[in-house]
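All ligand and atom numbering here is 1-based and tracks the order in the structure.
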Amino acid sequence: MSRQEREILAIGAGPGNLGLAVALEELAPKELAGDTLIVEQHDNVLWQRGMLLPWTQSQVSFLKDLVTLRNPCSRFSFISYLHSVGRLDEFVNLGSFLPYRMEISGYLSWVCGSLRHVRVEFGHRCVSVALREAHDGRVTGWLVRFADGGEIVCRTLVIGAGRDANVPVEFALLPRRRVIHSTEFAARVAEFDPDPPRRVVVIGGAQSAAEMLWTAHQRFPRAHCAIVMRSIGLNNYQSSKFTNELFYPSFVDEFYSARPEARDQLLREMHRTNYSGLAPQLLDALYREMYLERLTGTERLQMVTMTDVTDAAMDGEEVVLTLVDRKSGRVRQLRCDVVLLGTGFVNRMPKLVRDLAAAVGVDEVTVDRNYRMSLPDWVAADCYLQGVNEATHGIADSLLSVLAMRASEIVSDLLARRHPPGPHQPGSQQPAPATAGALEP
Ligand SMILES: Cc1cc2nc3c(=O)[nH]c(=O)nc-3n(C[C@H](O)[C@H](O)[C@H](O)COP(=O)(O)OP(=O)(O)OC[C@H]3O[C@@H](n4cnc5c(N)ncnc54)[C@H](O)[C@@H]3O)c2cc1C
């Protein structure tokens with residue numbers, strides 16, 4: 001990639017920015033969509049590539065795709081995708097609202113290939129964002145640098161690069177071949193020879209940890225697989241049709257305008273609808289497997305609950321974990337061959353965003369209702385953040401649930417800022433937002 005100039009640059013070809021691309025194609029002038037580039041670090045579009053295991057399902061309805069909640073007539077819907085690949089009959093017959101993860105992934109890739117105006121380039125990892133300054137010192141754009149030496153200058157940046165993997169400091173010094181975070185699991189576990197006996201320890205007590213435990217157990221028939229967690233035991237996700245209403249895109253307004261203590265309560269009470277829980281089928285499968293193993297005296301699965309890992313070190317070719325039992329305070333060692341980290345994601349803004357904020361002298365990153373980062377007056381360039389605004393926009397912000405509507409809110413905002421009505425024009429108080437649901441000609 002050499003140096004390019006674009007009006008809009010979106011980093012990451014995940015659901016967030018692909019949803020934005022769809023909204024731009026449907027709602028924005030062609031020349032703006034045509035001057036938009038999405039840049040992805042990998043060579044293709046895959047959804048949750050680290051945990052793209054064949055048997056795993058999405059946890060939200062297929063109707064919460066990139067567009068349907070905003071524009072049910074769109075050619076970019078999940079149903080259009082199924083129709084175009086000849087699987088609509090079978091999907092209907094399956095009678096499920098929850099597609100397999102690999103179907104969502106196939107859908108995202110299909111959307112990417114169906115874009116007519118927005119361009120997507122692969123194999124470019126963004127490494128930094130600097131300021132492009134005009135002669136008067138005002139910042140008029142962003143200078144985005146890539147690992148391959150390429151550079152792109154843009155006026156509007158949209159960061160939809162997901163969250164940073166959380167690798168707790170205790171595991172940071174283990175050699176790479178001995179520790180796998182869930183974001184790399186699918187590819188790296190496939191490199192292991194399944195036959196030899198080995199000891200696997202999974203860290204964490206939520207869905208990704210349990211999926212890795214189950215996969216290791218099934219894939220390595222002679223492995224002993226333990227899972228170590230701080231909590232009292234594995235739990236199902238909490239779900240209720242009443243609280244599921246808090247995932248509606250329309251709830252974002254209520255959350256955004258709520259008082260701080262109410263936001264805290266909402267996030268606290270909703271926590272186990274999305275985090276620290278398991279899908280009921282997986283929980284059941286694990287429990288039945290453990291039951292059967294006890295019955296037949298072939299125990300390969302082990303749950304270690306209420307336990308902290310305080311250290312991880314190598315002793316020859318073995319990993320030695322130091323465990324502290326929270327009930328008794330007793331310290332013991334657990335030796336293993338490989339550690340799988342189901343430790344989730346860092347609970348703060350991604351490093352790329354924090355670095356950008358530091359470059360413009362902003363200590364605490366905040367976004368407005370339309371996901372536009374609050375920047376000093378002397379910055380005449382915009383930056384939108386997707387998928388990292390749970391604290392201000394609610395628990396659904398990192399999920400598929402809201403992103404069709406979020407994309408149109410971002411497009412409306414950037415259209416309004418692109419052509420602000422002049423002070424003497426009629427309707428100058430009312431920027432003309434793009435109409436949700438408008439179809440391209
Ligand atoms: C295992 C797992 C399962 C999930 N299941 C569900 C589910 O069932 N339903 C649901 O609603 N949500 C689910 N989620 C939440 C998930 O975050 C969202 O579904 C969705 O993927 C968020 O989209 P995104 O575009 O914001 O981020 P991501 O999907 O993370 O996409 C970010 C993209 O940016 C790219 N990128 C990152 N850094 C750079 C860089 N520096 N330069 C260039 N490209 C970069 C990445 O390669 C990636 O393609 C799940 C999350 C995980 C981890």
Taking all non-hydrogen atoms of both residues into account, name the closest pair between E293 and L301 and its distance. OE1-N, 2.8 Å
Check ligand 1 against G12 and write out every atom of the ligand that is under 4.0 Å from a heavy-atom position of the residue. 33 (C), 34 (O), 35 (C), 44 (N)
salt_bridge(R268, E261) N-O dist < 4.0 Å: no
How close do C383 and L375 get, counting heavy atoms only, and between which atoms? N-CD1, 4.3 Å
Using distance alone, determine whether S401 and ligand 1 share an N or O pair under 3.5 Å. no
Given side-chain contact (heavy atoms from CB on, under 4.5 Å), test V202 with W214 step by step and report yes or no. CA-CA 10 Å; V202 181; W214 184 251; over 6 Å; no
Just by distance, no angles: are the side chains of Y371 and D413 close enough, under 3.5 Å, to form a donor-acceptor pair? no
Is E184 paired with R49 through a side-chain N to carboxylate O contact shorter than 4.0 Å? no
Which atoms of ligand 1 sit under 4.0 Å from any heavy atom of H124? 42 (N), 43 (C)
Could you label the plane-to-plane angle of the Y81 and F78 rings as parallel, tilted or perpendicular, counting under 30° as parallel and over 60° as perpendicular? tilted
Tell me, which protein residue and heavy-atom name are nearest atom 41 (N) of ligand 1, and how many Å apart are they? C126 O, 3.0 Å
Per-atom contacts, ligand 1 versus G16 - under 4.0 Å to a heavy atom: 23 (O), 24 (P), 25 (O)
So which bit of F146 gets within less than 4.0 Å of ligand 1, heavy atoms only: side chain, backbone, both or neither? neither
Considering non-hydrogen atoms only, spot the tightest contact between L278 and Q207 and give its length. CA-OE1, 3.2 Å
For E133 and T140, test the side chains for any donor-to-acceptor distance below 3.5 angstrom and give the result as yes or no. no
Any N/O pair P15/ligand 1 closer than 3.5 Å: yes
Hey, is ligand 1 close enough to Q41 that some N/O pair sits below 3.5 Å? yes
Suppose we measure from atom 48 (C) of ligand 1 to each protein heavy atom; which comes out shortest, and what is that distance? E40 OE1, 3.4 Å
Indicate yes or no: does an N/O atom of L400 lie under 3.5 Å from an N/O atom of ligand 1? yes
Indicate yes or no: does D164 engage R348 in a salt bridge with an N to O separation below 4.0 Å. no
For V39, the atoms of ligand 1 under 4.0 Å from one of its heavy atoms are 43 (C), 44 (N)
Backbone or side-chain N or O of Q48 under 3.5 Å from ligand 1 N or O: yes
Going by the 4.0 angstrom heavy-atom rule, the piece of R125 near ligand 1 is both
re atom 13 (C) of ligand 1, the protein heavy-atom contact at minimum distance is W47 CZ2, 3.7 Å
With a distance cut-off below 6.0 Å to the six-membered ring centre and an angular limit of 45° from the axis, does R300 pair with F220 as a cation-pi contact? no
Which of the ligand 1 atoms, numbered from 1, are nearer than 4.0 Å to a heavy atom of G162: 27 (O), 30 (O), 32 (C)
Does a side-chain N-to-carboxylate-O contact under 4.0 Å join E7 and R155? no
With heavy atoms under 4.0 Å as the rule, classify the contact between S398 and ligand 1 as side chain, backbone, both or neither. backbone
Report yes if Q59 has an N/O atom closer than 3.5 Å to an N/O atom of ligand 1; otherwise report no. yes
Classify the ring geometry of H393 against Y256: parallel below 30°, tilted from 30° to 60°, perpendicular beyond 60°. tilted
Where is the nearest protein heavy atom to atom 31 (O) of ligand 1: which residue, which atom, and how far? G14 CA, 3.4 Å
Looking at Y237, is its backbone amide N or carbonyl O close enough to the side chain of Y275 to form a donor-acceptor pair, meaning the two atoms are under 3.5 Å apart? no
Looking only at protein heavy atoms, what sits closest to atom 12 (N) of ligand 1 is L399 CD2, 3.4 Å
Under 4.0 Å from any heavy atom of H42, which atoms of ligand 1 are there? 47 (O)
Do me a favour and list the nearest non-hydrogen protein atom to atom 37 (C) of ligand 1 with residue, atom name and distance? A161 O, 3.2 Å
For M51, the atoms of ligand 1 under 4.0 Å from one of its heavy atoms are 1 (C)
Is it true that F345 lies under 4.0 Å from ligand 1, counting heavy atoms only? yes
